[in-house]
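Fair warning: this is a prediction, and the values are worked out from it, not measured in the lab. Note that these values count all heavy atoms, side chains included, but never hydrogens, waters or copies made by symmetry. Nothing fancy with the numbering, it's 1 onward along the sequence.
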Amino acid sequence: MSLKTQIISIFFSGLYGVLLSFLITINYKFLFQSKKTIKIIGNILFSLDMALLYFISMKKINNAMIHPLFYLLIFLGYLLTYRKIQKIMSRFQKSP
């Protein structure tokens, strides 16, 4: 894998972590407003969709060569934006 491809993959993994944080926050809000079976099915489908989206994107970028560093960057992207996204989403909640 060339250096340019590695840099693109690293950058994409970090951005994917940010996207994942945003989508998990939205999914979490919807899960508390539904029945138990819908929660389970929704969680399974959401997890499968997110994993598939990442692997398909990485296949386009670098022929699906996944390095453990990429997982670390997804996690770091998630952690760095989690609190900020929660603050933004709390502004859109209805106040009682």
**Request:** Keeping to residues at least two apart or across chains, list the side-chain hydrogen bond (donor to acceptor under 3.5 Å, both in side chains) pairs with something in residues 43-53.
**Result:**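 Qualifying pairs: none.
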
**Request:** Look at the side-chain heavy atoms of Ile, Leu, Val, Met, Phe, Trp and Tyr, link any pair under 4.5 Å apart, and say whether L23 and L80 land in one connected group.
**Result:**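 Per the 4.5 Å side-chain linkage, L23 and L80 are not co-clustered.
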
**Request:** Answer yes if I88 and V18 sit in the same cluster of Ile, Leu, Val, Met, Phe, Trp and Tyr residues linked by side chain heavy atoms under 4.5 Å apart, and no otherwise.
**Result:**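 As far as the 4.5 Å side-chain criterion goes, V18 and I88 are not connected within one cluster.
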
Kindly write out the residues that satisfy side-chain contact (heavy atoms from CB on, under 4.5 Å) with [X], not counting sequence neighbours, or none if the list is empty.
X	answer
I41	L45
L3	Q6, I7
K39	L31, S34
L15	F11

Roughly how far, to the nearest 0.5 Å, is the [atom2] atom of [Y] from the [atom1] atom of [X]?
X	Y	atom1	atom2	answer
M50	L19	CE	CG	6.5 Å
S9	L69	OG	CG	10.0 Å
T81	F22	OG1	CZ	10.5 Å

**ring-ring contact (aromatic ring centres under 6.0 Å, His included) against F46, all qualifying residues, sequence neighbours excluded** =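 Result, ring-ring contact (aromatic ring centres under 6.0 Å, His included) vs F46: none returned.
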
**Asked** Do Y54 and L20 pass the side-chain contact (heavy atoms from CB on, under 4.5 Å) test, and can you show the C-alpha distance, the side-chain angles, and the key distance before you say yes or no?
**Response** CA-CA 10 Å; Y54 182 73; L20 191 63; over 6 Å; no

**Prompt:** Which of these, I8, L72, L73, L76, sits in a side-chain contact (heavy atoms from CB on, under 4.5 Å) with S13?
**Reply:** L73

**Item:** ring-ring contact (aromatic ring centres under 6.0 Å, His included) contacts touching residues 56-76 (sequence neighbours left out)
**Value:** none

**Shortest non-hydrogen separation from M58 to M65 and the atoms involved** =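 The pair with the smallest heavy-atom distance is CE-O, 4.4 Å.
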
Qualifying residues under side chain to side chain donor-acceptor pair (under 3.5 Å), relative to [X], sequence neighbours excluded:
X	result
T37	none
Y16	none
Y78	none
S57	none

**Asked** Who else is in L52's hydrophobic cluster (ILVMFWY, side-chain heavy atoms under 4.5 Å, direct or via others)?
**Response** I56

